[in-house]
There are 2 protein chains.
Amino acid sequence: MNAASRPPAADAAREETIDLGMLPALIGFNLRSAQLSVFQHFNRTLGKSEITPAQFGTLILIEANQGISQSAVAAALRFDRSTLVQIIDRLEGRGLVVRKASSRDRRSHALQLTPRGERLLAELKQRVRAHEDAIAGALSEDERRTLHDLLTRVQSGSEG
Amino acid sequence: MNAASRPPAADAAREETIDLGMLPALIGFNLRSAQLSVFQHFNRTLGKSEITPAQFGTLILIEANQGISQSAVAAALRFDRSTLVQIIDRLEGRGLVVRKASSRDRRSHALQLTPRGERLLAELKQRVRAHEDAIAGALSEDERRTLHDLLTRVQSGSEG
DNA sequence: TATTGTTATACTCTATAACTATA
DNA sequence: TATAGTTATAGAGTATAACAATA
């Protein structure tokens, strides 16, 4: 027996090929892997704009629902209300969003984009589309729909 | 015009139906939603065992690769080495894992499950399978494979 | 009584940088 | 010089609990 056919290692400290066991079969593991990759790509693509996915989602919701309340954004994005306070604090601090008085409920704030927020969001949407095309570039339109459908159904299964 | 056909609200503070804009079309958004649901379901199913997904993955890797090093686990799960230190600290503190001396590299630790760790992992695997069946229950075998394939390809697209 | 936004606080997850002991 | 593990530390993200104002 020569060096090229040495016996299995006594331990796996130097193994190049690691056995992942049941992990690759788990949806949770694959979701985490994919999300990690996608999130990192998002940061590479939009990092210069100093925007996080949560902030981007918030801007999108405010644009599509002028005067929406913080609680409504929180519910839609599945954040706690207290988390939204901080997200809005940052966006308002950067002059992208304003808290206006609500016309019908004096407890709540009506959120609006500033002109600057609108301009930035227009740019961000383009970059996000480029990011999206990059990560889904290898998928056909049909496959994208399938992925969307399967993810939605996994979600339903997690709630029931 | 009666109350049932009132005009659009001046702001969206009370709208029940929120417009999510481009978000539902984004893979990143759907990944985050699905992962959030799946992670919460994991916690409901395995919370009693006081185990996190990261800890579970670590146990699986140690079982499948006796004597694996911390760096190898970190690389496989895409954690920093310093993060693995803390994960192993907790698992060792609970008597589930031991750091043994490596037989061939005195810098590294050969990780092993304790008998107690092996017993717990056997239970955990069953609970994780139940969790997996619950969240993927609505998916056929074919669809599970498709989801796995699509997530893998999204990942590839995020790296290139 | 319930809800909106807020504050204070804390916990988890994760990484960076610098260190040590080995290689 | 480079790598394995460790430590100290810090940042991001998130939640819980309690509060004032308002519904």
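As a basis for the values below, the full set of heavy atoms in this structure was taken, side chains included, without hydrogen atoms, waters or symmetry mates. In what follows, every chain begins at residue 1, and chains take the letters A, B, ... in the order their sequences are listed.
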Do any side-chain atoms of residues 52-61 of chain B form donor-acceptor pairs under 3.5 angstrom with protein atoms, and if so which ones, sequence neighbours left out?
from     : atom 1 : to       : atom 2 : distance (Å)
Thr52(B) : OG1    : Gln55(B) : N      : 3.1
Gln55(B) : OE1    : Thr52(B) : N      : 3.1
Thr58(B) : OG1    : Ala54(B) : O      : 2.8

Pairs under 3.5 angstrom only: tabulate donor-acceptor contacts from the side chains of residues 84-94 of chain A to other protein residues two or more places apart or in another chain.
from     : atom 1 : to       : atom 2 : distance (Å)
Gln86(A) : NE2    : Ser82(A) : O      : 3.4
Asp89(A) : OD1    : Arg99(A) : NH1    : 3.0
Asp89(A) : OD1    : Arg99(A) : NH2    : 3.1
Glu92(A) : OE1    : Arg99(A) : NH1    : 2.7
Glu92(A) : OE2    : Arg99(A) : N      : 3.1
Arg94(A) : NH1    : Glu50(A) : O      : 2.7
Arg94(A) : NH2    : Ser49(A) : O      : 3.2

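Rounded to 10 degrees, the angle separating the terminal helix axes of the helix from dT1(C)-dA23(D) to dA23(C)-dT1(D), each built from five base pairs, is 0°.
Applying the salt bridge (Lys or Arg N to Asp or Glu O under 4.0 Å) test to Arg129(B) and every residue at least two apart in sequence or in another chain returns nothing. Shown here are the ring pair (Phe, Tyr, Trp, His ring centres under 6.0 Å) partners of His131(A), two or more places apart in sequence or in another chain: His41(A), Phe42(A).
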Write out a two-atom table: protein N or O, nucleotide N or O from nucleotides 9-13 of chain C, distance below 3.5 Å.
from    : atom 1 : to       : atom 2 : distance (Å)
dC13(C) : OP2    : Arg90(B) : NH1    : 3.2

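The shortest side-chain heavy-atom distance between Gln40(A) and Arg44(A) falls under the 4.5 Å cut-off. Contact of the Glu132(A) side chain with the Met22(B) side chain is not registered, since no non-hydrogen atoms from C-beta on lie closer than 4.5 Å.
Closest contact between the side chain of His109(B) and the listed nucleotides dA4(D), dA23(D), dT6(D) involves dT6(D). Comparing dT6(D), dT4(C), dA2(D) by their nearest atom to the side chain of Arg107(B) picks out dA2(D).
Straight-line distance from the CD1 atom of Ile68(B) to the P atom of dG5(D): 10 Å, rounded to whole Å. The distance from atom CD1 of Ile87(A) to atom C1' of dA12(D) is 11 Å, rounded to the nearest whole Å. A straight line from CG of Asp89(B) to C1' of dT6(D) spans 9 Å, rounded to a whole angstrom. Straight-line distance from the CD atom of Gln70(B) to the P atom of dT7(D): 10 Å, rounded to whole Å. Regarding Arg81(A), its CZ atom lies at a distance of 17 Å from the P atom of dT14(D), rounded to whole Å. A straight line from CZ of Arg32(B) to C1' of dG13(D) spans 10 Å, rounded to a whole angstrom. One interatomic measurement links the two molecules: CG of Asn43(A) to C1' of dG11(D), which rounds to 14 Å at whole-angstrom precision. Atom pair Arg104(A):CZ and dA23(D):C1' shows a separation of 14 Å (rounding to whole Å applied).
Residue Arg99(B) is the one, among Arg99(B) and Ala54(A), whose nearest nucleotide of DNA chain D lies closer to the 5' end (criterion: closest heavy atom). Mapping Gln40(A) and Asp80(A) onto DNA chain C via the closest heavy atom, the residue that lands nearer the 5' end is Asp80(A).
Ser37(B) approaches Ser158(A) most closely through the heavy-atom pair O-CB, 3.5 Å. Residues Asn30(A) and Pro24(A) share a closest heavy-atom pair of ND2-O, 3.0 Å.
No path of Ile, Leu, Val, Met, Phe, Trp and Tyr side chains, each step under 4.5 Å between heavy atoms, connects Leu46(B) with Leu31(A), placing them in separate hydrophobic clusters. Leu77(A) and Ile18(B) fall within a single hydrophobic cluster, where Ile, Leu, Val, Met, Phe, Trp and Tyr side chains are chained together by heavy-atom contacts under 4.5 Å.
Using a 4.0 Å heavy-atom cutoff across all strands shown, Arg106(A) reaches sugar-phosphate atoms only and no base atom. When heavy atoms are screened at a 4.0 angstrom cut-off, Ser71(B) is found touching the sugar-phosphate backbone but no base atom.
Judged by atom type and distance alone, Ser82(B) reaches the base of dT16(C) through a side-chain donor-acceptor pair under 3.5 Å.
Residue Arg78(B) places no side-chain N or O under 4.0 Å from the OP1 or OP2 atom of dT14(C).
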